[in-house]
Number of protein chains: 2
Amino acid sequence: MGEQRPGNESLLFLTDEQLRRGIEAMFFAYRGFTADPDIILADRGYGRAHHRAVHFINRTPGTSVNNLLAILGVTKQSLNRVLRTLVEDGLVTSKIGTRDRRERHLFLTDTGKQLEQALSQAQRGRLRAAYRAAGPEAVAGFRQVLEAMMDPDQHRRFVAPGGRA
Amino acid sequence: MGEQRPGNESLLFLTDEQLRRGIEAMFFAYRGFTADPDIILADRGYGRAHHRAVHFINRTPGTSVNNLLAILGVTKQSLNRVLRTLVEDGLVTSKIGTRDRRERHLFLTDTGKQLEQALSQAQRGRLRAAYRAAGPEAVAGFRQVLEAMMDPDQHRRFVAPGGRA
DNA sequence: TTGGAATGTCAACAACGCTGACATAACCTG
DNA sequence: CAGGTTATGTCAGCGTTGTTGACATTCCAA
């Protein structure tokens, strides 16, 4: 089935078996990665979509809806449903743009920042522990592989500076 | 906000900023990671839950429903819905246990194996490219961090041999 | 024989993706 | 200014996949 290359010792990390281990590791790790925020979110009646919106609004305050759409890779209907509840609940404010009045610039309110901090601290706690356990060289490798795994668009956005907010 | 430790050069990889980059890398990478199988699945009217079931049945043929439940971490109702469609569509067979006739042992049919191969090849292709681009040392670090990020239960199961099938 | 474990099933619900359609306002170009 | 495009919002409907709760069946084990 696979394209093994017996005889070349340096490529043993590319065997199907190693790749299968990597696939399962991604699956289990992602579950751990989201587990702690999920508890906080469920407590307040939110889901992961809210977490993602809050995260990226915090990261790039004043970002437009369209920009957020591109980052999150969902439809505007899907994002709008989430944003509407966040605005209704007073976690996010949307201000009409000055240069282009069609745009809405999104900001976290103080309450929104509180939630972001709670989610962020929980998630960073898990990641920090993993980083500490694995050490700086492992972390560098971790980041390298993750970046190579992204879609090219996402990677460009990821590497690029904050955004055109 | 965070617990930075200025003055200790060796801990710079634990700054909140570095952790935030890691969090976003996980988010974007996981999206890339699932993108290719998602296309195949959508084409056949399945979702990620079907992928996961097919993957782990292939990995551990003859596994019981309860064991699969523990691995996937979902409710039996949720898994059952997925398994039912897979059995109906002739991708999975469930055989009554011989030692304990209450248990159902799950196997892929030839058709099921075909789907597993298609999904697996797509996903391995993406991961292989990332591994190749990053190199063996990076891959080792990648795996280390992922394993440290899992829940302890999952990690034990992950490291342990195949299962009690 | 009886308790409990393993499994299956029905119903209802929620989160969060999707498509399609439509409305409004604002911008931009000819 | 008119017409086209862009940005956003909203309604309606649908599908996957997770959840709880309740209940039935089968069967092992004490």
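Each chain gets a letter, A, B and so on, in the order its sequence line appears, and its residues count up from 1. In this text the structure is predicted, and so the values were computed from the model without any measurement. Atom set for the values below is all heavy atoms of this structure, side chains included, hydrogens, waters and symmetry mates excluded.
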Exercise for the section: Before accepting this row, confirm whether a basic side-chain N of the pair A:Arg126/B:Asp151 lies closer than 4.0 Å to the acidic partner's carboxylate O. Expected result: yes

Practice task
Determine the contact category for A:His50: base if any of its heavy atoms lies under 4.0 Å from a base atom, sugar-phosphate if only primed atoms, P, OP1 or OP2 are that close, otherwise nothing.
Solution key: sugar-phosphate

Completion exercise
When rounded to whole Å, the CZ to P distance for the pair A:Arg48 and D:dG18 reads 10 Å

Practice task
Would you indicate what A:Gly97 reaches in the nucleic acid, counting non-hydrogen atoms under 4.0 angstrom: base, sugar-phosphate, or nothing?
Solution key: nothing

Practice task
Starting from C1' on C:dC16, measure out to CZ on A:Arg84 and report it in whole angstrom.
Solution key: 13 Å

Handout entry: Distance-only donor-acceptor check, side chains A:Ser64 and A:Arg104, under 3.5 Å
Key = no

Problem - Length of the line joining B:His105:NE2 and C:dA6:P, which is rounded to integer Å - result: 12 Å

Exercise for the section: With side chain to side chain contact (heavy atoms under 4.5 Å, CB included) as the test, would you mind laying out the steps for B:Asn66 and B:Glu103 before giving the verdict? Expected result: CA-CA 8 Å; B:Asn66 245 17; B:Glu103 295 184 344; over 6 Å; no

Exercise for the section: Flag this pair as yes if the NZ/CZ of B:Arg21 is under 6.0 angstrom from the six-membered ring centre of A:Phe158 and inside a 45 degree cone about the axis; otherwise no. Expected result: yes

Practice task
Check every atom of D:dA7, C:dT7, C:dC16 against the side chain of A:Asn66 and return the nucleotide holding the closest atom.
Solution key: D:dA7

Atom pairs and distances, side-chain donor-acceptor, residues 69-77 of chain B, under 3.5 Å, sequence neighbours left out:
| residue | atom | partner | partner atom | Å |
| --- | --- | --- | --- | --- |
| B:Thr75 | OG1 | B:Ser78 | N | 3.3 |

Practice task
Using whole Å, report how far CG of A:Asn80 lies from C1' of C:dA21.
Solution key: 15 Å

Exercise for the section: Verify the distance criterion only: is there a donor paired with an acceptor across the side chains of A:Ser120 and A:His55 at less than 3.5 Å? Expected result: no

Handout entry: Value in whole Å for how far the P atom of D:dA7 lies from CG of A:Leu79
Key = 15 Å

Handout entry: Ring-face cation contact, B:Phe142 with A:Arg143, 6.0 Å cut, 45° max
Key = no

Practice task
Any chance you could list the contact pattern along nucleotides 19-29 of chain D? Use B for base contacts, S for sugar-phosphate-only contacts and - for none, protein heavy atoms under 4.0 Å, 5' to 3'.
Solution key: BBBB----BS-

Practice task
Rounded to the nearest angstrom, tell me the gap between atom CD in B:Glu103 and atom C1' in C:dT7.
Solution key: 10 Å

Exercise for the section: In whole angstrom, give the distance that lies between atom CG of A:Leu41 and atom P of D:dG18. Expected result: 17 Å

Exercise for the section: Calculate the interatomic distance between A:Leu106 atom CG and D:dA7 atom C1'; express it in whole Å. Expected result: 12 Å

